[in-house]
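For the numbers below, each heavy atom of this structure counts, side chains included, while hydrogens, waters and symmetry mates do not. In what follows, chains are A, B, ... by sequence order, proteins preceding strands, each numbered from 1.
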Amino acid sequence: MKNRSNRIVGFVALVLFAALFTLPFLWQVSTSLKTEDQVGKSEFDLIPRAQTYRLDGSDVEIKPVERKGADQVIEVLEGPKKGTRLTVAPDSLKLRPHLEWSNYSGGFQAFPFFRMLRNTLVICVLVVLGTSLSCSLAAYGLACVPWKGRETLFWIMLATMMLPGQVTMIPLFQTFKGLGWINTILPLVVPAFCGNAFFVFMLRQFYRTIPASLMEAARIDGATDLRIWATVVLPLSKAALAVVAVFSFIGAWNDFLGPLLYLMDDDKYTLAIGLARLQGQYSSDWGRMMAMSVVMTLPLITLFFLAQRTFVEGIKLGGVKG
Amino acid sequence: MKSRFWTGIAFCSPLIFGLLAFTVLPVIASFWFSLCNYPILEPPHYVGVANYRDLARDDQFWHSIRNTFVYVLGSVPLGMAVGLGLALLLNQKVPGIKVFRTLFFLPTVVPLVANSVLWIRLLNPQQGLVNSFLRLLHVPESWMPGWLADERWAMPGLILMSLWGAGGGAVLYLAALQDVPSELFEAAELDGAGPTQRFRHVTIPLISPVLLFTGIMGLIGGFQEFARAFVMTQGGPWDSTLFYCLHLFNSAFTEFRLGYASAMAWVLFAIILVATVAVMRASTKHVQYEQ
């Protein structure tokens, strides 16, 4: 009996916490579909609604324009009298559920979303390619090729993981400026082709578990190291490479400091930097801001659901072995 | 097996180049800059430890250190506690655990800037969800926190925001909890240990390595907090959310004091190193690794 009631309490607590953690999402989506008028209200209401007024026997949507003494001037938004202004008593207005999609269409106009999406995706794809390629090559060199000095290289690499990025930020900025790379995507992309200590470490741990006999067999058949890497090691490490790809994609998608430092022109902006700028300019237009933050979040949520197993794998690799 | 030096070097050459070009040489340059007066347009000019001396006299520097410590000491332990609580709730034999786990994890997937934009709104004193929620609980209007508009509440607001991401830790703790053999709990129960004692003496020690890991990662990430404050508050109101790395960024890229900012970067490295070693030392007695 006691066990049963414990389980019910536990389950109720679980549901309550899940509701609490989900609420910001629901609220974000609901705000993105609210009219400007409703966004300004302080009562808690998750359902987007529009104000209506009973006109000639049917409820029509209206927009409040101004107060006139105790009365309210409204503009009719639909029906045969669309566009006319009426002066009515405030308590004659009603609310009904209504989705204000114009926050999305208006947001796409104010905010060159598709251009920024393209800029972001170009960087993401190059970073994913560069990181996967350079890290798996280096991991092969560290795990599958015996050579003098590889332990030293490995330990130097691990030591660099301790270093906060702020230490190298200023010299790198000066270097990229000297190379004329400012306002190009090169500073964001080229380093990805030169390995990433964390991912190399992860892949090396994985490659060490591949039986040496498999590689030896290929070598006896006359395969070169490059061929062994491509035909034996890569196919066996798909899961680990997926972790590298997913997490480097997320890193590039979310990167804020890099584009902030290196991209100057609006037409080169990524979504992260564009949304931050939009926040500064349209800070009062919240329906639109929420719509754009939904649009920026959706691709990552989709990626998460498509690659859920890879996520869990990556978190465990990062958390337990790292 | 014979050493194949050049093959190894060839496979690692992008990595070696990257370590040299993007880490080792910049580290040396950064250390040199930290000993120089370097106003972006002129070449660096050696001034010894003057930058470090100036740092010690800079009120904003101390202020940013204090703010950052408040954030780390608030968000890391609270985040771990919430994460552990969620993990314990998830570690029950009830239906739909995978769905709940996904729901708790999802906030950590939200891109940082989108998350910041969302939370500016959630923390809005008049129309935000957080205060609407407090109003539902009948908190009097005069007690309503002003969150990001109020210097006393801006930092607690950012800490609250960080707690929304506690599900990341929860997933790790859950994985560790599920590795704990149930015989251990049964044995403890037979020995007469109550739920609190089982939690303190069985659960906590067994997942302590994961707790330590998330604590240290949280600490390192917390000291490097930047984008959130840059987007949400620009360090305000009244410098109450001026994080260390925001001050560093401003010194470098709005005041163009590259030498000074480089010195700040080295002090940050020292703080992170000392804090990490201190936490590791303090935890050796309490963290139990499997034999």
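Between the A:Q279 side chain and the B:V231 main chain, a donor and an acceptor come within less than 3.5 Å of each other. Of the possible donor and acceptor atoms, one in the side chain of B:W164 sits under 3.5 Å from a partner among the backbone N and O of A:F21.
Contacts of A:V15 with chain B are made by both backbone and side-chain atoms, with heavy-atom separations under 4.5 Å. With a threshold of 4.5 angstrom between heavy atoms, B:F223 does not approach chain A through any atom at all. Only the side chain of B:F226 comes within contact range of chain A, with heavy atoms under 4.5 Å apart. The contact between B:A21 and chain A is made entirely by backbone atoms, counting heavy-atom distances below 4.5 Å.
Contacts with chain B were tallied for A:I301, A:L142, A:T22, A:L260; A:L260 has the most, counting heavy-atom pairs under 4.5 Å.
For the side-chain contact (heavy atoms from CB on, under 4.5 Å) test with B:V117, the passing option among A:M289, A:M292, A:M296 is A:M289; the others fail. The side-chain contact (heavy atoms from CB on, under 4.5 Å) with A:L14 is formed by just one residue from the set B:L86, B:L103, B:I97; it is B:I97.
For the pair A:W286 and B:I120, the minimum side-chain heavy-atom distance is below 4.5 Å. The side-chain heavy atoms of B:V110 and A:F25, taken from C-beta on, include a pair separated by under 4.5 Å.
Distance check, rounded to the nearest 0.5 Å: CD1 of B:I9 to CG of A:L153 gives 7.5 Å.
Minimum heavy-atom separation, B:F22 to A:P191: CE1-CA, 3.6 Å. Annotation for B:L89 and A:A13: closest pair CD2-CB, 3.8 Å, computed over non-hydrogen atoms.
When the shell of 6.0 Å around CE of B:M144 is examined, it contains more than 12 heavy atoms from other residues, nucleotides or ligands. For B:F31, the CZ atom sits in a loose shell: 12 or fewer heavy atoms of surrounding residues, nucleotides or ligands are nearer than 6.0 Å.
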